[in-house]
Every structure is written in structure tokens, then in C-alpha cells.
A.B. asks: 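Dropping the structure in here first, questions after.
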Amino acid sequence: MLDIKFIRDNVDLVKSGLGKKGFQFDHEQFQHLDEARKTALTHAQSLQAEKKKASKQVGALIGQGMSPEDAKAQVLGSIDADISEAELAAKEAEHALTQLLMTIPNMPQGAVPFGADESDNLEVLSWGEPTVFDFTAKDHVDLGEPFGLNFDLGARVAGSRFAVMSGPIARLHRALTQFMLDIHADEHGYEETYVPYLVNKDALEGTGQLPKFEEDLFKITGAQGDKDFYLIPTAEVPVTNLMRDTVFDGALPVKKVAHTPCFRSEAGSYGRDTRGMIRQHQFDKVELVQFVHASQSDAALEELTGHAETILQRLHLPYRKVMLCGGDLGFSAAKTYDLEVWLPGQQKYREISSCSNFEDYQARRMGARWRNPASGKPELLHTINGSGLAVGRTLVAVLENYQQVDGSIRIPDALQPYMGGLEWIRA
RNA sequence: GGAGGGAUGGCUGAGCGGUUGAAAGCACCGGUCUUGAAAACCGGCGUAGGUUAAUAGCCUACCUAGGGUUCGAAUCCCUAUCCCUCCGCCA
């Protein structure tokens with residue numbers, strides 16, 4: 001969430017910043033709740049002070065030999081011992097304010113372009129040329145089918161938006177995962193990390209998926225007492241929350257890479273990308289997360305995005321890098337680069353990675369701090385994350401960009417060691 | 001599933017109804033000593049909110065969380081969560 005003091009002191013700035021994201025900040029409601037909290041809190045605190053003082057006096061009198069009854073009578077006569085009502089009111093006012101703060105998105109950075117949707121995103125880089133064939137390019141559904149990519153079986157065991165992979169396609173999928181993990185762990189300095197695929201509500205509130213976007217998640221009810229679990233929509237959730245409620249003492253940055261499946265309900269995307277594995281309820285992703293000092297987060301976003309780009313470059317997949325405009329920016333993000341890979345089957349660039357700087361927004365929500373040795377004080381961390389890359393979509397990109405006229409697939413050089421030296425997938 | 005034991009500040013760990021926000025140690029910061037460093041010694045050192053020009057004072061809360069008893073709770077009671085030990089089951 002945003003710093004409440006910052007909101008108080010910069011109402012206009014907050015209003016315009018959030019407006020860029022298409023969010024209408026109701027500052028009157030904010031001010032009302034803020035005032036109400038202050039009033040209730042001050043009232044409760046003065047009563048608490050009174051009670052505390054009186055109790056001490058009672059104790060002192062009893063210590064001097066007075067009977068407890070007399071001591072109470074002498075001191076407590078005028079004091080209303082029951083302050084629970086005031087305490088409750090303060091708590092409720094506090095809660096109401098927090099509720100509001102939790103639904104206010106992060107502010108976009110100044111450099112983020114204005115715009116309503118993805119058509120206003122800003123292309124900042126284009127790498128390679130869209131692959132050209134002297135035959136009509138097939139899409140990955142047709143290309144993958146003979147080699148083990150099957151959507152009917154996915155539908156049979158689960159439903160729509162599920163795939164089953166077998167044989168060479170399954171191997172290629174695993175090869176891509178291993179390839180990505182190795183590069184990030186061995187060359188880019190990320191610590192390989194294994195995390196739970198089910199998380200609790202607190203974790204999702206920490207990264208910003210809750211309370212506003214519950215409908216995008218798969219929920220598992222009543223699995224653990226009366227507590228609910230959620231399937232992770234991205235490894236960002238468990239990995240970023242590793243720093244929840246901690247004061248980290250070590251050296252920054254902390255860089256972690258995790259390979260996980262991701263689960264998304266895709267509510268509200270009916271009819272979009274129904275063909276193929278572009279939009280699935282379950283997909284694998286290799287995720288990069290960095291915890292950095294506040295002064296380093298801009299540079300860290302550039303670095304992390306570069307790490308994701310490395311994967312595309314090693315696979316020789318043409319892509320472009322866009323900076324998301326305000327309207328396309330996610331709830332918690334201050335700045336985001338999307339990497340879009342060229343898909344010959346669609347004759348389009350499609351998102352394959354999203355890399356964001358959240359600044360201290362997630363850290364404040366989850367209490368992720370770092371002890372600055374210079375001051376000895378805890379400071380909020382900045383969090384960065386990005387896909388490096390979405391494995392399913394990378395598989396799609398490899399199939400479509402490396403297809404041959406006869407329907408066979410050449411294995412990218414970088415991937416061959418991960419395929420047992422195999423150079424081709426063909427019948 | 002059954003039976004027990006725990007949860008205290010960045011960490012370890014005392015306290016088990018009243019000047020306890022909490023002993024002690026470690027870590028950290030400042031100082032003395034030293035050519036420098038180490039050691040030793042001295043001092044400091046929680047977080048959040050309110051008030052404030054203030055990162056000064058002052059006030060409030062916080063000893064896993066939520067309830068309760070009491071004039072007063074880290075300390076007593078109840079519930080939940082998490083961790084540990086033993087038995088059973090199990091990839």
C-alpha cells in the first residue's frame with residue numbers, strides 16, 4: 001500500500017498519479033476515515049492513560065498497607081474502568097482506514113506513459129526480425145499435435161484451458177525450464193528456490209492479488225481447519241512473501257529464481273485465446289524476484305528485464321520490449337516492461353514476460369524490511385519481479401519460430417544439450 | 001488420528017499478577033586504550049501509532065493471534081495458528 005503520510009501530504013499528486021492508472025481516488029472518503037481514526041484513537045489513548053495511572057496508584061496504596069477495597073474506592077471512584085468501547089471504536093476506525101488503503105493501487109512512476117490500454121504501450125526495443133517463411137506458417141496447435149501436444153486429453157481429465165503434453169513436446173517443455181533455471185542460477189546470480197504452490201490469504205494480500213482480485217484465483221476451501229488456501233497465480237506470491245514480517249540483516253540485493261506452475265481462473269477472458277496453450281488455467285513459469293535497496297530498484301528492474309531478455313536472445317526468438325502505459329499497469333506495479341515474442345502462427349507479438357518494479361508498495365503491505373547498517377534502522381525494501389520466462393508460451397514460440405516446411409521442428413542450439421543432443425523433432 | 005511440550009526484542013534466552021518495554025548474552029553503534037586492528041573496559045541500542053518544526057520530548061499500544069478474569073496480565077483461563085517430541089498411518 002501507499003504510505004499514509006505521503007497521501008496526507010500529497011493529495012493532489014496521489015490523485016493525478018492514480019488517475020493515470022484509471023483509478024479514481026476518493027480523497028474525501030480517505031480524509032474522513034483518517035480523521036475518524038485520529039479522533040477515536042486519541043480518545044481511547046487518553047482513557048488508557050487515565051486507567052494506567054489509576055491502576056498504579058491502587059498498587060502503590062496496597063503496597064503501603066491499605067486494603068485493596070479501600071484503595072480501589074479511593075482512587076477509582078471517578079474513573080470509568082470500562083474503556084473497551086472506546087478501544088473497539090478506535091480499532092474499527094483503524095480497520096476501516098486500512099481496508100481503504102488496501103484497495104488503493106500503487107502509483108505509476110513519472111516516466112510511465114499515459115494511456116488507457118495496451119494500444120498505448122510504448123515500444124522501447126525490438127530485437128531480431130519477425131521470422132519469415134517461404135511457406136504458410138502453422139500455429140503451435142497444428143505443429144505440436146503430431147509430437148504430443150494434446151488439448152482433448154486436457155479437456156478430458158480437467159476441462160477447457162488445460163493441455164496434456166507427452167513425448168518430445170513434454171521433453172522440450174522440461175528442457176526449456178531447465179535451460180532457464182540454469183542460466184539464471186549460474187550466470188545471473190539468482191538463488192534457486194522451491195516454494196509452496198498453495199498460499200494463504202495473507203501472502204496474496206502482501207503482493208496485492210487480494211483483496212481486489214479474488215475472482216482471478218483458484219481457491220481451496222476448508223482444507224486447513226477453517227482457513228482457505230489459494231493456488232498461486234504466479235511464483236511472485238510465495239517468493240516475494242519469503243520476506244514477509246522480517247527485518248532482513250544480510251547484504252542486498254537478494255535474488256531468487258523459482259520454477260512453479262501457475263493457476264489462473266481467467267474469469268472475464270471468455271472467448272479470448274481459446275485455441276492452443278496461450279491462455280491456460282495451469283502453466284509453468286520461471287520467475288525472477290529481487291529484493292533491493294530503495295535507491296537501486298530502477299536499476300534492478302533494467303537488470304532483471306535484461307535477464308529475461310537473455311533467454312529470448314539465446315533461443316534466437318524475435319521479441320520486442322514495451323513499457324506499459326498507466327492504464328495497462330498492474331495494481332501493485334509502479335513500472336512494468338512487457339517482453340513480447342513474435343509468434344508466426346498468429347503474425348503477432350505476444351506477451352511472454354512481464355517485469356515490474358513495485359518499489360515499497362508490496363514491502364509495506366507485508367512488512368518486508370531491511371536493517372540499514374548505516375542508521376541501524378529498518379527500512380522498507382523494494383521488490384522487483386519478472387517472468388524469465390513463461391515456459392508454455394516459450395514452447396509455443398519455439399515451435400512456431402523453428403518450424404520447417406514439412407512440419408518438423410528444429411531444436412534451438414542452446415536447447416540441444418537439454419534434449420540429449422537431439423537436433424530435430426520430426427516424424 | 002492419539003499423547004505430551006513449546007511460541008518473549010535482529011538472534012539466543014530469563015521472567016510466571018503490580019515502578020517490566022521487559023534480565024542476561026550475541027550482534028550492532030559510539031567512546032577509552034592502540035601506530036592500526038583485536039581483546040578488555042565504559043556507554044548506547046525494539047517496533048508502530050499519536051502529538052510536534054523535530055529522526056527532541058511526552059502519550060498509547062505491542063512478549064504468536066483473538067477472546068476472558070482483574071483496579072492492574074508477558075505472567076491466570078479459553079480458543080485458534082504455528083513449531084517440537086513420541087505412537088499410528090503414509091509418498
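Just so we're on the same page: letters track the sequence lines, and every chain starts at 1. Basis for what follows: all heavy atoms, side chains included, without hydrogens, waters or symmetry-related copies.
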A.B. asks: Restricting to side chain to side chain donor-acceptor pair (under 3.5 Å), what partner residues turn up for A:Lys255, sequence neighbours left out?
C.D. replies: none
A.B. asks: According to side chain to side chain contact (heavy atoms under 4.5 Å, CB included), who are the partners of A:Leu88, at least two apart in sequence or on a separate chain?
C.D. replies: A:Glu92
A.B. asks: Would you call the rings of A:Trp370 and A:His293 parallel, tilted or perpendicular, where under 30° means parallel and over 60° means perpendicular?
C.D. replies: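 The rings of A:Trp370 and A:His293 stand perpendicular, inter-plane angle above 60°.
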A.B. asks: I'd like a table of atom pairs between the protein and nucleotides 62-67 of chain B - only N or O on both sides, under 3.5 Å - with the distance next to each one.
C.D. replies:
residue	atom	partner	partner atom	Å
B:G67	OP1	A:Lys91	NZ	2.8

A.B. asks: So if I take every side-chain heavy atom of A:Lys51 and compare against B:A61, B:G49, B:G72, which nucleotide ends up nearest?
C.D. replies: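 Between B:A61, B:G49, B:G72, the one nearest the side chain of A:Lys51 would be B:G72.
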A.B. asks: Does any pair with a residue in residues 274-297 of chain A pass salt bridge (Lys or Arg N to Asp or Glu O under 4.0 Å), and if so which ones, sequence neighbours excluded?
C.D. replies: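 The answer is A:Asp139-A:Arg275, A:Asp142-A:Arg275, A:Glu266-A:Arg279, A:Asp273-A:Arg279, A:Lys285-A:Glu287.
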A.B. asks: Can you list the residues that meet the side chain to side chain donor-acceptor pair (under 3.5 Å) rule with A:Lys20, with sequence neighbours excluded?
C.D. replies: none
A.B. asks: Determine the Euclidean distance between corresponding P atoms of B:G46 and B:C11; express it in Å to zero decimal places.
C.D. replies: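 One P to the other, the span is 14 Å.
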A.B. asks: I'd like to check the side chain to side chain contact (heavy atoms under 4.5 Å, CB included) partners of A:Ala308; sequence neighbours left out, ordered by chain and number.
C.D. replies: A:Leu339, A:Ser353, A:Cys355, A:Leu389
A.B. asks: Quickly work out the A:Glu87 CD to B:A73 P distance and round it to whole Å.
C.D. replies: 10 Å
A.B. asks: What is the base-pairing partner of B:U35, counting Watson-Crick and G-U wobble geometry with both distances under 3.5 Å?
C.D. replies: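 Base-paired to nothing in any strand shown.
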A.B. asks: If we take the C1' atom in both B:A14 and B:G68, what is their distance in whole Å?
C.D. replies: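 So the two C1' atoms sit 27 Å from each other.
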A.B. asks: Among B:G18, B:A48, B:G50, find the nucleotide with the atom closest to the side chain of A:Arg369.
C.D. replies: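 Closest nucleotide to the A:Arg369 side chain: B:A48.
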A.B. asks: Indicate whether the side chain of A:Thr207 and that of A:Glu236 have a donor and an acceptor atom separated by less than 3.5 Å.
C.D. replies: no
A.B. asks: For B:U19, which nucleotide is its Watson-Crick or G-U wobble mate, given both distances must be under 3.5 Å?
C.D. replies: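 For B:U19, the partner nucleotide comes out as none, under the 3.5 Å rule.
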A.B. asks: Do A:His316 and A:Tyr402 touch side chain to side chain, with heavy atoms closer than 4.5 Å?
C.D. replies: yes
A.B. asks: Round to a whole Å and report the spacing from CG of A:Asn372 to P of B:C29.
C.D. replies: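 These atoms are roughly 12 Å apart.
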A.B. asks: Using the P atom as the reference point in each nucleotide, state the distance between B:G9 and B:A22 in Å, no decimals.
C.D. replies: 15 Å
A.B. asks: Check every atom of B:C59, B:G50, B:G18 against the side chain of A:Arg8 and return the nucleotide holding the closest atom.
C.D. replies: B:G50
A.B. asks: Quickly work out the A:Leu61 CG to B:G72 P distance and round it to whole Å.
C.D. replies: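 After rounding, the reported distance stands at 16 Å.
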A.B. asks: Return the set of residues passing side chain to side chain donor-acceptor pair (under 3.5 Å) with A:Ser332 (not counting sequence neighbours), or none when no residue passes.
C.D. replies: none
A.B. asks: Give the rounded distance in Å between these two atoms: CG of A:Asp3 and C1' of B:A48.
C.D. replies: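 Those two atoms, CG and C1', are 13 Å apart.
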A.B. asks: For nucleotides 15-17 of chain B, print each protein N/O atom paired with a nucleotide N/O atom at under 3.5 Å, atom names and distance only.
C.D. replies:
none

A.B. asks: In residues 29-39 of chain A, what residues come within less than 4.0 Å of RNA chain B, judged by heavy atoms?
C.D. replies: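 Hits under 4.0 Å, by residue number: A:Arg37, A:Lys38.
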A.B. asks: Indicate whether OP1 or OP2 belonging to B:A61 is found under 4.0 Å from a side-chain N or O atom of A:Lys52.
C.D. replies: yes
A.B. asks: Using Watson-Crick or G-U wobble geometry with both distances under 3.5 Å, which nucleotide pairs with B:G46?
C.D. replies: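 Pairing partner, where one exists within any strand: B:C62.
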A.B. asks: Nearest whole angstrom, please: distance from the P of B:C11 to the CG of A:Asp249.
C.D. replies: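 After rounding, the reported distance stands at 8 Å.
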A.B. asks: Picking from B:G10, B:U60, B:C71, which would you name as closest to the side chain of A:Gln48?
C.D. replies: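 The answer is B:U60, which lies nearest to the side chain.
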A.B. asks: Roughly how many Å is it from CG in A:Asp202 to C1' in B:A80, rounded to a whole number?
C.D. replies: 14 Å
A.B. asks: Among all residues two or more places apart in sequence or in another chain, which pass the side chain to side chain donor-acceptor pair (under 3.5 Å) test with A:His32?
C.D. replies: none
A.B. asks: Check A:Glu400 with A:Arg350, please: is the shortest side-chain N to carboxylate O separation under 4.0 Å?
C.D. replies: no
A.B. asks: Can you classify the ring geometry of A:Phe30 versus A:Phe25 as parallel (below 30°), tilted (30 to 60°) or perpendicular (above 60°)?
C.D. replies: tilted
A.B. asks: Could you please name the partner base of B:C90, counting Watson-Crick and G-U wobble pairs only when both distances are under 3.5 Å?
C.D. replies: none
A.B. asks: Roughly how many Å is it from CD in A:Gln45 to P in B:C58, rounded to a whole number?
C.D. replies: 16 Å
A.B. asks: Both A:Lys377 and A:Gly59 contact RNA chain B. Which one's nearest nucleotide lies toward the 5' end?
C.D. replies: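 Nearer the 5' end of the strand: A:Gly59.
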A.B. asks: Select one nucleotide: of B:G72, B:G10, B:U60, the one nearest the side-chain heavy atoms of A:Ser55.
C.D. replies: B:G72
A.B. asks: Got a sec, which residues hit side chain to side chain contact (heavy atoms under 4.5 Å, CB included) with A:Glu145, two or more places apart in sequence or on another chain?
C.D. replies: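 Partners of A:Glu145 under the side chain to side chain contact (heavy atoms under 4.5 Å, CB included) test: none.
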A.B. asks: Using atom P in both nucleotides, what's the gap between B:G30 and B:A23 to the nearest angstrom?
C.D. replies: 23 Å
A.B. asks: Given the P atoms of B:C78 and B:C28, what is the spacing between them in whole Å?
C.D. replies: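 It comes out at 43 Å once rounded to the nearest Å.
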A.B. asks: Please, which pairs that meet salt bridge (Lys or Arg N to Asp or Glu O under 4.0 Å) have at least one residue in residues 103-113 of chain A, sequence neighbours excluded?
C.D. replies: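 As it turns out, there is no salt bridge (Lys or Arg N to Asp or Glu O under 4.0 Å) pair with a partner in residues 103-113 of chain A once direct neighbours are skipped.
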A.B. asks: Expressed in whole Å, how much space separates the P atoms belonging to B:U70 and B:U64?
C.D. replies: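 Those two atoms are separated by 23 Å.
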A.B. asks: Taking the P atom of each, how far is B:A54 from B:G67, in whole Å?
C.D. replies: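 Comparing P positions in B:A54 and B:G67 gives a spacing of 33 Å.
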A.B. asks: Could you check whether A:Arg364 gets within reach of a base, just the sugar-phosphate, or nothing at all, counting any heavy atom under 4.0 Å?
C.D. replies: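 A:Arg364: no heavy atom of the nucleic acid under 4.0 Å.
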A.B. asks: Taking B:U69 as the reference, what is the distance to B:C77 when you measure between their P atoms (whole Å, please)?
C.D. replies: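 Rounded to whole Å, the distance is 15 Å.
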A.B. asks: With hydrogens left out and only the distance checked, is there a donor-acceptor pair under 3.5 Å joining A:Glu94's side chain and the base of B:G49?
C.D. replies: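 Result: no qualifying N/O pair found.
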A.B. asks: With both distances kept under 3.5 Å, what pairs with B:G4, Watson-Crick or G-U wobble?
C.D. replies: B:C84
A.B. asks: Using whole Å, what does the distance between atom C1' of nucleotide B:A48 and atom CG of A:Leu41 come to?
C.D. replies: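 Spelled out: CG on A:Leu41 to C1' on B:A48 is 11 Å.
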A.B. asks: Here's a test of your reading of the structure: between A:Arg371 and A:Lys53, which maps to the more 5' nucleotide of RNA chain B?
C.D. replies: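 Checking each residue's closest nucleotide, the 5'-ward one belongs to A:Arg371.
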